Amino acid sequence: MIAFILRRLVSIAVTFIVVSLIIFLMMHAIPGGPFDGHDMPLSDAVRAKLMARLGLDQPLHVQYLNYMWGVLHFDFGVPYQSPGDTIIGLLSRAWIPSLVLGGAGVLIGAPLGVLLGMAAALNRNTWIDYLASTFATLGLTIPVFVISLMLILVFAVWLNWLPASGWGKPERWILPIIAYAAIPLATYARYTRSAMLDTLNRPFVTVLRAKGLSERRIIFQHVLRNSAIPLVTVFLPMFIGTATGSIFVEAMFRVPGLGSYFVSSIEKRDYPLEMALMLMITMMYCLAYLFSDIVYALLNPRIRAGGKP
């Protein structure tokens, strides 16, 4: 296991470097620059002075090496759209709404999805199964911005129960959390149903029933545990993807989270901020999959990092 973790850490480092190179080259391939906007045009002399001050007049490989050297020292630079701030300071503030709302959405939606999938699997080909499958399919096929719009229309406009947007007060969190929870709920319902049906059809379940074990013990102690591997695979990446901000949900509910900075950093050619966002997500996904592999071995001792039974 230790050798496996070391190999994965090396692969994470390689992935980190490759992604940083791709993002850096893609950003600089986009026409225009951070000071080419038409809202407040700058003279050529002022633009050249700003480019020199930020090091943007240097060759691309020099800019990349300088930036990555700063990243190694946890210095991600200064965002061009907010020169009086640091990127770490900006992200630390913007991440709070995304983490609270997105994280709560996953932590609520995932368990409900597991329960819905279990109900569908244990009542296969009944109205419960059909209803759960329909609900899960709708949750996966309807875009999240449509779900957000429907929530605003019903609960904020028609019923006037909840505010339609904002961040400050807890009652403003309810609708965004429901919108965030829709996707994990539907995803986990389908994954749980499929995994449990596959496990229920395995021979060891028949043997356990023949030994006289109660159905409750078979389901919770054996079937659910053997069905948990695909659920673990989905959970951490989904949690990270949701907690780092949804552009559509945050735009619909006017939440000041990370989602808006993904768009603004591209539109305004804010190279340091876009690099920081993508590198942060890359590292989080890599660590999430590493942690998932470790959890696999804990859930099923037959799984070994070296591929041996």
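Model, not experiment: these values are computed from the prediction.
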Quick one: side-chain hydrogen bond (donor to acceptor under 3.5 Å, both in side chains) partners of Arg172, sequence neighbours excluded? none
Same cluster (ILVMFWY, side-chain, under 4.5 Å), Phe155 and Val146: yes
Under the side chain to side chain contact (heavy atoms under 4.5 Å, CB included) test, residues paired with Thr126 that sit two or more places apart: Asn123, Ile128, Asp129
Using a 3.5 Å distance criterion without hydrogens, assess whether the side chain of Thr86 forms a donor-acceptor pair with backbone atoms of Val78. no
Verify the cluster assignment for Leu131 and Val114: are they in a single hydrophobic cluster under the rule of side-chain heavy atoms below 4.5 Å apart? no
Just grab all the salt bridge (Lys or Arg N to Asp or Glu O under 4.0 Å) pairs involving residues 92-113, residues at least two apart or on different chains. Asp85-Arg93
Donor-acceptor pair, distance only, cut-off 3.5 Å: does the side chain of Ser92 make one with the backbone of Gly89? yes
Please list, chain by chain and in numerical order, all residues satisfying side chain to side chain contact (heavy atoms under 4.5 Å, CB included) with Phe16, sequence neighbours excluded. Met68, Val71, Leu279, Met283
Counterpart residues, salt bridge (charged side-chain N to carboxylate O under 4.0 Å, His left out), relative to Asp75 (two or more places apart): none
Exceeds 12 heavy-atom contacts within 6.0 angstrom, atom CZ of Phe291: no
Cluster membership besides Leu197, Ile/Leu/Val/Met/Phe/Trp/Tyr side chains within less than 4.5 angstrom, sorted by chain and number, is none
What are the two closest non-hydrogen atoms of Pro184 and Gly105, and how far apart are they? CG-O, 4.0 Å
Specify the closest pair of heavy atoms between Pro272 and Tyr67, including all atoms of both residues, with the distance to one decimal. O-OH, 3.1 Å
Taking the side chain as every heavy atom from C-beta outward, state whether Ile219 and Met196 have any atom pair closer than 4.5 Å. yes
Closest non-hydrogen contact found for Phe253 with Ala164 is CD2-O, 3.2 Å
Whether the side chain of Trp173 engages the backbone of Trp167 through a donor-acceptor N/O pair (distance < 3.5 Å, no angle test) should be reported. yes
Which value, rounded to the nearest 0.5 Å, describes the distance between Ile142 atom CD1 and Ser148 atom OG? 11.5 Å
Report whether Leu65 and Met278 are members of the same hydrophobic cluster (ILVMFWY, side-chain heavy atoms less than 4.5 Å apart, transitive linking). yes
Measure the shortest side-chain to side-chain distance between Val223 and Val205 over non-hydrogen atoms and say whether it is less than 4.5 angstrom. yes
Considering non-hydrogen atoms only, spot the tightest contact between Leu151 and Ala179 and give its length. CD1-N, 3.7 Å
Do Leu224 and Met118 come close enough that some side-chain heavy atom pair is under 4.5 Å? yes
Identify, with sequence neighbours excluded, every residue that meets salt bridge (charged side-chain N to carboxylate O under 4.0 Å, His left out) alongside Glu171. none
In this structure, CZ of Phe74 is separated from CD1 of Ile87 (nearest 0.5 Å) by 14.5 Å
When you look at Leu122 and Arg193, which way does the side chain to side chain contact (heavy atoms under 4.5 Å, CB included) test go after all the steps? CA-CA 8 Å; Leu122 297 177; Arg193 179 186 182 277; over 6 Å; no
Arg254: partners by salt bridge (charged side-chain N to carboxylate O under 4.0 Å, His left out), with sequence neighbours left out: none
Starting from the C-alpha separation in whole Å, work towards a yes-or-no answer on side chain to side chain contact (heavy atoms under 4.5 Å, CB included) for Arg269 and Met27. CA-CA 7 Å; Arg269 310 297 190 271; Met27 287 190 306; over 6 Å; no
Any side-chain to backbone donor/acceptor pair from Thr192 onto Ala189? Under 3.5 Å, distance only. no
Grab the two heavy atoms, one from Trp95 and one from Met284, that are nearest each other, plus how far apart they are. CZ2-CE, 3.6 Å
Asn125 side chain near Tyr130 side chain, heavy-atom distance below 4.5 Å: yes
Could you see if Ile88 belongs to whatever hydrophobic cluster contains Leu99? Use Ile, Leu, Val, Met, Phe, Trp, Tyr and a side-chain cutoff under 4.5 Å. yes
Stepwise side chain to side chain contact (heavy atoms under 4.5 Å, CB included) test for Ile178 and Ile147: CA-CA 9 Å; Ile178 295 175; Ile147 296 176; 5.9 Å; no
Starting from Leu115, walk the hydrophobic network (Ile, Leu, Val, Met, Phe, Trp, Tyr; side-chain heavy atoms closer than 4.5 Å) and list everyone else you reach, by chain and number. none
Within the supplied structure, the quantity of interest is the number of heavy atoms (other residues, nucleotides, ligands) at a distance under 6.0 Å from Phe76 CZ; does it exceed 12? yes
Any side-chain heavy-atom pair from Phe135 and Leu185 closer than 4.5 angstrom? yes
Do the charged groups of Glu215 and Arg209 touch, with an N to O distance under 4.0 Å? yes
Taking only residues two or more places apart in sequence or in another chain, which ones pass side chain to side chain contact (heavy atoms under 4.5 Å, CB included) with Leu140? Ala186, Thr187, Arg190
Between Phe24 and Met275, is any pair of side-chain heavy atoms under 4.5 Å apart? yes
Hydrophobic clusters here meaning ILVMFWY residues chained together by side-chain heavy-atom distances under 4.5 Å, can you tell me if Val249 and Leu153 are in one? yes
Check step by step if side chain to side chain contact (heavy atoms under 4.5 Å, CB included) holds for Tyr261 and Leu90. CA-CA 10 Å; Tyr261 287 108; Leu90 185 148; 3.6 Å; yes
Can you measure from CE (Met26) to CD1 (Ile266) and round to the nearest 0.5 angstrom? 8.5 Å
Quiz: residues 55-64 side-chain donor-acceptor pairs under 3.5 angstrom, not counting sequence neighbours:
{"unit_1": "Gln58", "atom_1": "OE1", "unit_2": "Asn66", "atom_2": "ND2", "d": "3.2"}
{"unit_1": "Gln63", "atom_1": "NE2", "unit_2": "Leu56", "atom_2": "O", "d": "3.3"}
{"unit_1": "Gln63", "atom_1": "NE2", "unit_2": "Gln58", "atom_2": "O", "d": "2.7"}
{"unit_1": "Tyr64", "atom_1": "OH", "unit_2": "Ser20", "atom_2": "OG", "d": "2.7"}

Hey, are the side chains of Phe262 and Leu277 touching, using non-hydrogen atoms and a 4.5 Å cut-off? yes
Taking side chain to side chain contact (heavy atoms under 4.5 Å, CB included) as the definition, give me every residue that meets it alongside Leu213, ordered by chain and number, with sequence neighbours left out. Leu208, Lys211, Arg217, Ile218, His222
Out of curiosity, Ser265 OG to Leu273 CG, how far, rounded to the nearest 0.5 Å? 5.0 Å
For Leu175 and Pro163, which heavy atoms make the closest approach, and how far apart are they? CD1-O, 3.6 Å
